[in-house]
Amino acid sequence: MRKCLEREFSAIYVFNLRGDQRTKGELSKREGGKIFDSGSRTPIAITILVKKPKGEDTEKARIYYRDIGDYLLREDKLKIIREMKSIGNLDMNWVQLTPNQYGDWLNHRNEMFKDFTPIEPEKKFEKGQKAFFETFSLGVATGRDGWCYNSSLQVVKSKAKEQIDFYNETLRKLKNKEIEGVEYNTGKISWTRAVLSDVKKGKVYDITDCEYREAIYRPFFKQHLLYYKPLNEMTYQIPKLFPTPAHKNLVICVSGVGVKKNFSCIITDFLPDLELIGKSQCFPLYWYEERAPQMRDLFSQDEAATNAEDRYIRHDGITDWIYDCACKQYGFDTSKKDVFYYVYGLLHSPEYRETFAADLKKMKPRLPMVDSREEFLAFSRAGRDLAELHLNYESVEEYKGCVVDCAPFTTRGERVNYRVVKMRFGKTADKEKDKSVIRYNDGITISEIPADAYRYVVNGQSAIEWVMERYAVKTDDKSGITNDPNDWAREHGDEQYILKLLRRVINVSVKTMKIVDALPKLKF
């Protein structure tokens, strides 16, 4: 698109008015006021394109860019526009951009990046490719999260039945399978493209085919998932990564191409949602291939057994090619798991993320192989340690440095109530946000939370803030279904689950940053 604009126009003026309210925290404040007030959440720019006259030479367009600035109110921005009057009033705040060969106008990618080894293969599931992994997948995209995800298993099951009953009843009533008769204004189902296609085909849904899995919906936030292909818009390659609950796996999830937030990654051993980490791209330790029926018969005489683990062949996710490279460079006692954890460790390197920040927004990661065995082992060990924390965050020791105050309950002689509705930060004497204090509920306060814990950021905000945001009682606008995280605590037999989780994630955050700070310094 940008290359085309360069060819077609003689001059281009881009005035970036900011106002991106899909960001959070300090970044959101820097974006400033929304140009169209409540009518806009995305950033706004004025772009003026000056068309080339016929017969003009093929010289590329002159491109001028201006950023309106940080922390400006809407009124401030509109005043600047009024005073500027026209693009003829170019001042020192305008800069002329020089595009590179890739068509980047801003945030030029680093030429060195293309010389590293790609994390993803050109073709999935093919041997002999020069990449770290044989395959990858996007996370599950249900197209109806409010209906398919919930903290309560019973809610997921009941809503699955309601959706299927409503769909089948609609199908029965329609004449000639014409979708014009579908009741769109309903909270009983989401009429996505795939479901409407099933209506046209006359496909009947069957509740007995539904599976219910635990999935990782957002960082440090598990949910029950209705895992049923007709009501999951896209599952991509996830069935080959987690074919049954009995098939264990680890996947490194990285943020997708084009995501505006800075690059981040997280590891999980549960089904990942598409937006776990922003258009999640998931790279597995293993992938599974279902045996042909005749092959299954060779391995088992028992029909029940053929429906269990021996139905699948397990393959390594790490390619033989990168494994051979690692063995030659770092020693033949290197394992594929060492390479897997090396990837996770190196993806946390601050030098790597900072040097290639622009590239990681435009492409999937490409990774260098460090020079020495000692550095490789250091990144691999760090990757294992990080994985241990991030996979087992529910059982990590609670952070002991903070103070939990339940006095409002105990002084009244009441039983402590651990139910949460919405956690909030404390306030300073000046009414500013105090992140060292979290108001868990009306009677429980956690204080002396170290500032260092907020340095661990995943997909745009700290791990602690993910817990605060997701463990809140919410009602989905489209479906009308309430998601109460206290149901998860109740179903897992621990009324203190959310409070303990918060303290555990504080500890995970502190320990994560200790590991990251100790990583070898990369030099490019």
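What you see is a predicted model; the values in this text were computed from it and never measured.
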Has [X] got its NZ or CZ under 6.0 Å from the middle of the six-membered ring of [Y], at an angle within 45 degrees of the ring axis?
X      : Y      : answer
Arg384 : Tyr341 : no
Lys435 : Tyr454 : yes
Lys240 : Phe125 : yes
Lys336 : Tyr323 : yes
Arg109 : Tyr102 : yes

Is there a side-chain contact between [X] and [Y] (heavy atoms, below 4.5 Å)?
X      : Y      : value
Val473 : Asn483 : no
Lys222 : Trp488 : yes
Val156 : Cys148 : no
Leu389 : Asp385 : no
Val251 : Phe242 : yes
Ile267 : Leu386 : no
Arg439 : Val437 : yes
Glu126 : Pro121 : no

Parallel, tilted or perpendicular: which fits the ring planes of [X] and [Y], with parallel below 30° and perpendicular above 60°?
X      : Y      : result
Phe221 : Tyr471 : perpendicular
Trp191 : Phe166 : tilted
Tyr167 : Tyr205 : parallel

With a 3.5 Å distance limit and no angle check, can you tell me whether [X] reaches the backbone of [Y] through a side-chain donor-acceptor pair?
X      : Y      : answer
Lys77  : Leu17  : yes
Thr512 : Val508 : yes
Arg144 : Leu231 : yes
Asn507 : Val396 : no
Tyr399 : Leu502 : no
Gln129 : Glu122 : yes
Arg353 : Leu347 : yes
Arg412 : Pro408 : yes
Thr186 : Lys188 : yes
Ser462 : Glu465 : yes

Could you tell me which non-hydrogen atom of [X] sits nearest to which non-hydrogen atom of [Y], and how far apart they are?
X      : Y      : answer
Leu153 : His224 : N-CD2, 3.2 Å
Gln237 : Phe136 : CG-O, 3.7 Å
Ser280 : Ile277 : OG-N, 3.0 Å
Ala463 : Ser509 : CB-OG, 3.7 Å
Asn417 : Asn441 : O-ND2, 2.8 Å
Leu391 : Asp269 : CD2-N, 3.6 Å

Measure the spacing between NZ of Lys201 and NZ of Lys203 and express it to the nearest 0.5 Å.
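It comes to 7.0 Å.
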CZ/Arg504 to CG/Leu499 distance, rounded to the nearest 0.5 angstrom?
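Arg504 atom CZ to Leu499 atom CG measures 10.0 Å (nearest 0.5 Å).
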Let's go through Arg2 and Asp104 carefully: what are the C-alpha distance in whole Å and the side-chain angles of both, what is the deciding distance for salt bridge (Lys or Arg N to Asp or Glu O under 4.0 Å) to 0.1 Å, and is it a yes or a no?
CA-CA 8 Å; Arg2 290 189 294 269; Asp104 298 333; 3.8 Å; yes
Determine whether Thr482 and Thr475 satisfy the following criterion, side-chain hydrogen bond (donor to acceptor under 3.5 Å, both in side chains), listing intermediate values before the conclusion.
CA-CA 4 Å; Thr482 296; Thr475 299; 2.9 Å; yes
Going through the distances and angles, do Asp206 and Thr208 end up as a side-chain hydrogen bond (donor to acceptor under 3.5 Å, both in side chains)?
CA-CA 5 Å; Asp206 188 347; Thr208 62; 2.7 Å; yes
Do Asn392 and Ser395 pass the side-chain hydrogen bond (donor to acceptor under 3.5 Å, both in side chains) test, and can you show the C-alpha distance, the side-chain angles, and the key distance before you say yes or no?
CA-CA 6 Å; Asn392 302 308; Ser395 56; 4.7 Å; no
Passes side-chain hydrogen bond (donor to acceptor under 3.5 Å, both in side chains), Ser479 versus Asp476? Steps please.
CA-CA 6 Å; Ser479 66; Asp476 180 64; 2.8 Å; yes
Taking 4.0 angstrom as the limit, do Glu134 and Lys127 come out as a salt bridge?
yes
Using the salt bridge (charged side-chain N to carboxylate O under 4.0 Å, His left out) rule, pick out the option among Arg419, Arg490, Lys500, Arg415 that qualifies with Glu495.
Arg415
I'd like to know whether [atom1] of [X] has more than 12 heavy-atom contacts from other residues, nucleotides or ligands below 6.0 angstrom.
X      : atom1 : answer
Lys337 : NZ    : no
Asp442 : CG    : no
Lys362 : NZ    : yes

Carefully, step by step, assess Tyr344 and Phe340 under the rule ring-ring contact (aromatic ring centres under 6.0 Å, His included).
CA-CA 7 Å; Tyr344 197 53; Phe340 180 82; 7.8 Å; no
Mind running side chain to side chain contact (heavy atoms under 4.5 Å, CB included) on Tyr352 and Leu367 for me, showing each step along the way?
CA-CA 9 Å; Tyr352 175 79; Leu367 303 178; 3.4 Å; yes
Evaluate Tyr312 against His247 for ring-ring contact (aromatic ring centres under 6.0 Å, His included), listing each step before the verdict.
CA-CA 9 Å; Tyr312 297 89; His247 290 83; 4.9 Å; yes
Tell me, with the steps shown, if Asp484 and Ser151 meet side chain to side chain contact (heavy atoms under 4.5 Å, CB included).
CA-CA 6 Å; Asp484 186 344; Ser151 296; 5.9 Å; no
Side chain to side chain contact (heavy atoms under 4.5 Å, CB included) between Leu138 and Gln281: does it pass, once the steps are laid out?
CA-CA 5 Å; Leu138 287 165; Gln281 311 275 339; 3.3 Å; yes
When you look at Phe263 and His348, which way does the ring-ring contact (aromatic ring centres under 6.0 Å, His included) test go after all the steps?
CA-CA 10 Å; Phe263 173 85; His348 281 82; 8.7 Å; no
Which is it for Asn486 and Ile498 under the side chain to side chain contact (heavy atoms under 4.5 Å, CB included) test, yes or no, and what are the steps along the way?
CA-CA 8 Å; Asn486 300 285; Ile498 300 172; 3.9 Å; yes
